[in-house]
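Here's the structure we're looking at; comments come further down.
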Amino acid sequence: MFTGFTPETFDFLWGIRMNNNRDWFLEHKKQYTQALYEPMKALGQELFVPFQETPGNVLKVSRIYRDARMHPPEPYKESLWICIRKDVQWWAENPCLFFEITPDGASYGFFFWHPPTAMMEDFRRRISANPEPFLELMARTEEAVGMPVTAECYKRPKPTDNPALQPYFAWKGQISCIRQLQPGPEVFDPALKDQVGDFFEKLTPLYEYFCRFSV
């Protein structure tokens, strides 16, 4: 059961940022497990319940350890995240719903970091042929969450004859709708799972829409 994060969660995250070495981590491993990893895993398990009956959805909890094969300068990450996505080889080319915590706070929402070029070409063809369902989806989503869906854009947007589609023809990657939280009462409250779960529910139609392109 998720009972919230604690000030000790951020103490550990700031500690690993300032002391990113094996000796410090081993000395504080119990704090990592109890204040960060176990609460994150519990939060993920509760958030995943509405998605577990849909074939292909998986819950991933990140590791604190960096991949030694990449020869990073520091052995540990200074953040931890969970994500709900399809069971695919590389998450970056597929949409996800995520929650992440860092020394500076928490963030959560929808993210599609690096959609393949061919996928975005297919996306533009489909919304050109039948724009209304997509435009309605965007309007409903942004009204429900009270914020825009944003993206990294091409410097020279792809051409379209439909003015309503022009903003989306500029999309290149990093398609996102993300809320930010500062360290404090909201993050420490067990009701955080309901807050994040409600946001995920409102973003699920957007997530499912882009999953159809990425499969």
Side-chain angles (χ1 to χ4, degrees), residues 37 40-41 43-67 69-70 72 77 79-102 106-131 133-142 144-145 147-154 157-158 165 167-180 193 196-215:
Y37 179 74
M40 183 68 80
K41 184 171 70 172
L43 176 62
Q45 289 170 343
E46 295 197 36
L47 292 173
F48 189 58
V49 170
F51 299 90
Q52 62 189 3
E53 300 300 325
T54 302
N57 281 331
V58 295
L59 170 68
K60 296 292 183 179
V61 183
S62 70
R63 291 163 46 87
I64 194 74
Y65 309 96
R66 293 190 185 276
D67 191 340
R69 296 171 298 178
M70 305 299 291
K77 302 171 187 173
S79 67
L80 208 68
W81 51 256
I82 55 174
C83 74
I84 296 166
R85 59 170 172 79
K86 296 301 180 183
D87 191 9
V88 292
Q89 185 171 6
W90 191 33
W91 71 269
E93 291 188 343
N94 294 266
C96 71
L97 298 167
F98 80 96
F99 178 94
E100 182 177 29
I101 193 164
T102 76
S107 59
Y108 60 93
F110 170 85
F111 193 42
F112 195 174
W113 181 46
H114 189 61
T117 300
M119 193 229 82
M120 293 304 291
E121 290 174 354
D122 186 28
F123 163 71
R124 289 188 290 270
R125 282 194 298 267
R126 292 196 195 187
I127 65 174
S128 289
N130 191 14
F134 174 73
L135 293 172
E136 290 172 4
L137 169 66
M138 294 301 299
R140 288 196 309 270
T141 299
E142 294 183 345
V145 300
M147 59 189 301
V149 178
T150 62
E152 177 189 18
C153 294
Y154 289 107
K158 305 295 182 179
L165 294 179
Y168 310 108
F169 267 60
W171 282 4
K172 179 180 180 182
Q174 299 187 34
I175 304 167
S176 63
C177 186
I178 299 171
R179 280 183 178 165
Q180 308 283 345
K193 68 178 183 298
V196 178
D198 177 68
F199 200 55
F200 279 10
E201 181 180 1
K202 292 171 180 174
L203 289 169
T204 295
L206 185 68
Y207 164 73
E208 291 178 341
Y209 179 86
F210 278 102
C211 280
R212 289 181 295 209
F213 291 97
S214 60
V215 173

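Numbers here are sequence positions counted from 1.
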(request) Taking all heavy atoms of Gln180 and all of Ser107, pick out the closest pair and write down the distance. (result) OE1-CB, 3.4 Å
(message) Donor-acceptor pair, distance only, cut-off 3.5 Å: does the side chain of Thr102 make one with the backbone of Ser79?
(response) no
(message) With a sphere of 6.0 Å drawn around CD of Gln52, does it hold more than 12 non-hydrogen atoms of other residues, nucleotides or ligands?
(response) yes
(request) Please tell me if the side chains of Val149 and Phe112 come closer than 4.5 Å, counting only heavy atoms from C-beta onward. (result) no
(message) Counting C-beta onward and ignoring hydrogens, is there a side-chain heavy-atom pair between Arg85 and Phe98 closer than 4.5 Å?
(response) no
(request) If the plane angle is over 60° it's perpendicular, under 30° parallel, otherwise tilted; pick one for Phe210 and Phe134. (result) perpendicular
(message) Let's go through Phe110 and Phe199 carefully: what are the C-alpha distance in whole Å and the side-chain angles of both, what is the deciding distance for ring-ring contact (aromatic ring centres under 6.0 Å, His included) to 0.1 Å, and is it a yes or a no?
(response) CA-CA 9 Å; Phe110 170 85; Phe199 200 55; over 10 Å; no
(request) Nearest 0.5 Å please: distance from the CG atom of Leu43 over to the NZ atom of Lys41. (result) 13.0 Å
(request) Over all heavy atoms of both residues, which pair between Gly173 and Pro115 is shortest? Give the atoms and the distance, please. (result) CA-CD, 3.7 Å
(request) Determine whether Leu165 and Leu135 make a side-chain contact, defined as any pair of heavy atoms from C-beta on separated by less than 4.5 Å. (result) yes
(request) Would you indicate whether the side-chain heavy atoms of Phe48 and Asn57 approach each other to under 4.5 Å? (result) yes
(request) Mind listing the closest non-hydrogen atom pair of Gly44 and Ile82 along with its distance? (result) CA-CD1, 3.4 Å
(request) Give, for atom CD of Glu93 and atom OG1 of Thr117, the distance between the pair rounded to the nearest 0.5 Å. (result) 9.0 Å
(request) Please name the pair of heavy atoms, one in Leu59 and one in Ile84, separated by the smallest distance, quoted to 0.1 Å. (result) CD1-CG1, 4.2 Å
(message) I'd like to know if the side chain of Arg179 reaches the main chain of Met147, judged simply by a donor and an acceptor atom lying under 3.5 Å from each other, with no hydrogens or angles considered.
(response) no
(message) Does Tyr37, at its OH atom, have more than 12 non-hydrogen atoms belonging to other residues, nucleotides or ligands within less than 6.0 Å?
(response) no
(request) Please assess Arg126 against Asn130 for the test side chain to side chain contact (heavy atoms under 4.5 Å, CB included), listing each intermediate value before the final yes or no. (result) CA-CA 6 Å; Arg126 292 196 195 187; Asn130 191 14; over 6 Å; no
(request) Step through it carefully: locate the ring centre of Tyr168, locate the ring centre of Phe123, and say whether they are under 6.0 Å apart. (result) no
(request) Find the distance between CZ (Arg124) and CE (Met119) and round it off to the nearest 0.5 Å. (result) 8.5 Å
(request) Measure the spacing between CD of Gln174 and SG of Cys153 and express it to the nearest 0.5 Å. (result) 10.5 Å
(request) Quick one: pull up CZ in Arg212 and CG in Asp122 and give me the separation to the nearest 0.5 Å. (result) 11.0 Å
(message) Could you check whether any side-chain heavy atom of Ser128 comes within less than 4.5 Å of a side-chain heavy atom of Phe169, counting everything from C-beta outward?
(response) yes
(request) Indicate the atoms forming the closest heavy-atom contact of Lys193 with Glu46, along with that distance. (result) CD-OE1, 2.7 Å
(request) Flag the pair Cys177 / Thr141 as yes when at least one side-chain heavy-atom distance between them is below 4.5 Å, and no otherwise. (result) no
(message) Is any side-chain heavy atom of Lys86 closer than 4.5 Å to one of Tyr207?
(response) yes
(request) Could you grab the distance from atom CD1 of Ile175 to atom CZ of Phe111, nearest 0.5 Å is fine? (result) 9.5 Å
(request) Flag the pair Phe99 / Met40 as yes when at least one side-chain heavy-atom distance between them is below 4.5 Å, and no otherwise. (result) yes
